[in-house]
Amino acid sequence: MELGLELQPLNLPADNERPIVIAGPCSAETEEQVMTTARQLKELGCHNFRAGVWKPRTKPGGFEGHGEQALPWLQRVKAETGMNVATEVATPQHVELALKYDVDILWVGARTSANPFAVQALADALRGVDKPVLVKNPVNPDLELWIGAIQRLNAAGVRRLGAVHRGFSSYDRKIYRNLPMWQIPIELRRRYPNLPLLNDPSHIGGRRELIAPLAQQAMDLGFDGLLVESHCSPDEAWSDARQQVTPEVLDYILSLLVIRDQRVSTEGIRQLRHQIDELDNQLMDLLAKRMRVCREIGQYKKEHNMTVLQTKRYSEILAKRGAQGAQCGMSADFVANVFEHIHEESVRQQIEIVNQ
């Protein structure tokens, strides 16, 4: 049984025409860099400023943040611009220092959210704290692990919670730095419709030219806001230079966003949804008939002492159906994934018959 969440609003300011935006450099490098970026963002209407203070990298040797030394810079941003300030925390000591310097928004990074022990330690440190806490998805595509991190913080009394979709790591070379795998945050939203959901297009894309289309896709899917990296001189950034944009470019990206109204009545698409329901019923009938034939094949294999898995036949199905899908305007990968699941269920049922 899924645990519910006791939530309160994040209460983060946003313009009427824009979603919640938390923007700023990947890392707080120097006081001058932090203040210059913050002033530029403030002039362009940003209300929430982010900067990484602790920056452990995948491998040692790179810039890993100034730690406590940089927290007074965030205090100065807050005092001089009036913006909320946000930073990542990964240990109870980070939490203690962030609270000491009155950081307004905390977020839990992807590497931390993948570790229930680390999340529980943060939850214990945050017990009774009334500040927004955002939880990035784990590096691996595991929805239950993401939900578990959110639940641990909520169980410790953190009520102003939000989730951040930053994509998922993959070993293969790909367009994105981290695969979006949109179905995972969509399922999170289905289970917890009241949990604020933000998108991190900087970490998903890994390249500044991908920020705009990713941000728009997030808005099209009903996300509540963006956590995005912006630097006064992005090409000179000490970390993740390729995925940061200037405040001016960020403002331009935000100005082009089309925000969909989720409150519009669905009356106009009711008939189309009815058609979808009918087609889904037909699909289920066809699947049931297909499984019946598969069971008959299983019986034949049992009688003739044949192995259940016939790899040549399986490869033929995937190739043929993938090509058919492409001809019908569908992604070949999508069709292949569908038939992989169908084949998996067919094999399961045939194994039951063979072993009876």
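Bear in mind that the values here come from a model prediction, so they are computed numbers and not experimental data. Only this structure's heavy atoms are used, side chains among them; waters, hydrogens and symmetry mates stay out.
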* **CD on Glu296 to CE on Met291, rounded to 0.5 Å** => 13.5 Å
* To do: For Leu179 and Ser170, work out which heavy atoms get closest and say how close.
  => CD1-CB, 3.7 Å
* Assess whether side-chain contact (heavy atoms from CB on, under 4.5 Å) is satisfied between Lys301 and Thr307, documenting all intermediate values. => CA-CA 7 Å; Lys301 290 176 179 176; Thr307 60; over 6 Å; no
* To do: Measure the CD-CG distance between Gln120 and Asn115 for me, rounded to the nearest 0.5 Å.
  => 11.0 Å
* Within-4.5 Å side-chain heavy-atom neighbours: Leu134 and Leu10 -> yes
* Would a distance-only check, ignoring hydrogens and angles, find a side-chain to backbone donor-acceptor pair under 3.5 Å from Asn48 to Pro13? -> yes
* Asked: Without hydrogens or angle criteria, can the side chains of Gln33 and His231 be said to hold a donor-acceptor pair below 3.5 Å?
  -> yes
* To do: Output yes when a side-chain donor or acceptor of His66 lies under 3.5 Å from a complementary backbone atom of Glu29, and no otherwise.
  => yes
* In this structure, are over 12 heavy atoms from other groups packed under 6.0 Å from Glu303 atom CD? -> yes
* Asked: Could you walk me through whether Val258 and Met219 pass the side-chain contact (heavy atoms from CB on, under 4.5 Å) check?
  -> CA-CA 7 Å; Val258 178; Met219 295 302 100; over 6 Å; no
* Taking the side chain as every heavy atom from C-beta outward, state whether Leu197 and Tyr192 have any atom pair closer than 4.5 Å. => no
* Asked: Do Arg295 and Glu352 meet the salt-bridge criterion of a basic N to acidic O distance under 4.0 Å?
  -> no
* Asked: In terms of heavy-atom contacts, does CZ of Phe63 have more than 12 from other residues, nucleotides or ligands at under 6.0 Å?
  -> yes
* Asked: Under 4.0 Å between a Lys/Arg side-chain N and an Asp/Glu carboxylate O for Asp224 and Arg189?
  -> yes
* Asked: Would a 4.5 Å heavy-atom cut-off, applied to side chains only, mark Val139 and Arg166 as touching?
  -> yes
* Does Gln93 CD have over 12 foreign heavy atoms under 6.0 Å away? -> no
* Hey, what do you get for CH2 (Trp238) to OG1 (Thr30), rounding to the nearest 0.5 Å? -> 6.0 Å
* How far apart are the closest heavy atoms of Thr36 and Cys232, and which atoms are they? -> CG2-CB, 3.8 Å
* **Lys/Arg-Asp/Glu bridge criterion (N-O < 4.0 Å) met for Glu96, Lys100** => no
* Please confirm whether the backbone N or O of Ile150 pairs with a side-chain atom of Asn154, one donor and one acceptor, at under 3.5 Å? => no
* Going through the checks in order, is the side-chain contact (heavy atoms from CB on, under 4.5 Å) test met by Phe49 and Thr87? -> CA-CA 9 Å; Phe49 180 80; Thr87 199; over 6 Å; no
* **Cationic N near anionic O, under 4.0 Å, Lys131 to Asp102** => yes
* Asked: If you measure from the Lys or Arg side-chain nitrogens to the Asp or Glu carboxylate oxygens, is any gap between Arg39 and Glu43 under 4.0 Å?
  -> no
* Structure fact -> Here the pair of heavy atoms bringing Asp104 nearest to Met83 is OD2-O, 4.3 Å
* Note, Trp146 side chain near Asp142 side chain (heavy atom, < 4.5 Å) -> no
* Asked: Are the ring centres of His165 and Trp182 closer than 6.0 Å?
  -> yes
* Asp235 bridged to Arg208 by N-O distance under 4.0 Å -> yes
* **Flag for Gln349-Ser346: side-chain donor and acceptor within less than 3.5 Å** => no
* Asked: Between atom CD of Gln243 and atom CD1 of Ile204, what is the distance when rounded to the nearest 0.5 Å?
  -> 10.5 Å
* Examine distances only and state if a side-chain atom of Asn337 and a backbone atom of Asp333 form a donor-acceptor pair shorter than 3.5 Å. => yes
* Asked: Is the shortest side-chain N to carboxylate O distance from Glu187 to Arg191 below 4.0 Å?
  -> yes
* Does any N or O in the side chain of Asn178 come within less than 3.5 Å of the main-chain N or O of His203, such that one atom is a donor and the other an acceptor? -> yes
* **Side-chain ion pair, Glu6 and Arg159, N-O less than 4.0 Å** => yes
* **Greater than 12 external heavy atoms within 6.0 Å of Glu236's CD** => no
* Asked: After noting the C-alpha distance and the side-chain angles of Tyr300 and Gln350, does the key distance pass the side-chain hydrogen bond (donor to acceptor under 3.5 Å, both in side chains) rule?
  -> CA-CA 10 Å; Tyr300 183 90; Gln350 288 185 17; over 6 Å; no
* Looking only at heavy atoms, which two atoms of Ala336 and Leu318 are closest? And how far apart? -> O-CD2, 3.8 Å
* Might you work through the side-chain hydrogen bond (donor to acceptor under 3.5 Å, both in side chains) test for Glu88 and His94, ending with a clear yes or no? => CA-CA 8 Å; Glu88 178 180 349; His94 293 171; over 6 Å; no
* Structure fact -> dist Leu161:CG -> Gln151:CD (nearest 0.5 Å) comes out at 10.5 Å
* Asked: Looking at Asn281, Asp280, Ile276, which one forms a side chain to side chain contact (heavy atoms under 4.5 Å, CB included) with Glu278?
  -> Asn281
* List the steps and the verdict of side-chain hydrogen bond (donor to acceptor under 3.5 Å, both in side chains) for Asp240 and Gln244. => CA-CA 7 Å; Asp240 291 345; Gln244 301 190 65; over 6 Å; no
* Do side-chain atoms of Arg50 reach the backbone of Leu227 as a donor and acceptor pair under 3.5 angstrom? -> no
* Examine distances only and state if a side-chain atom of Ser113 and a backbone atom of Lys136 form a donor-acceptor pair shorter than 3.5 Å. => yes
* Short side-chain to backbone donor-acceptor contact, Ser202 and Val228, under 3.5 Å -> no
* **From CG (Leu221) to CD (Gln216), nearest 0.5 Å** => 10.0 Å
* Under 3.5 Å, side chain of Thr112 to main-chain N/O of Val108, donor-acceptor pair present? -> no
* Would you confirm whether Arg290, through its side chain, and Ile342, through its main-chain N or O, come within 3.5 Å as a donor-acceptor pair? => no
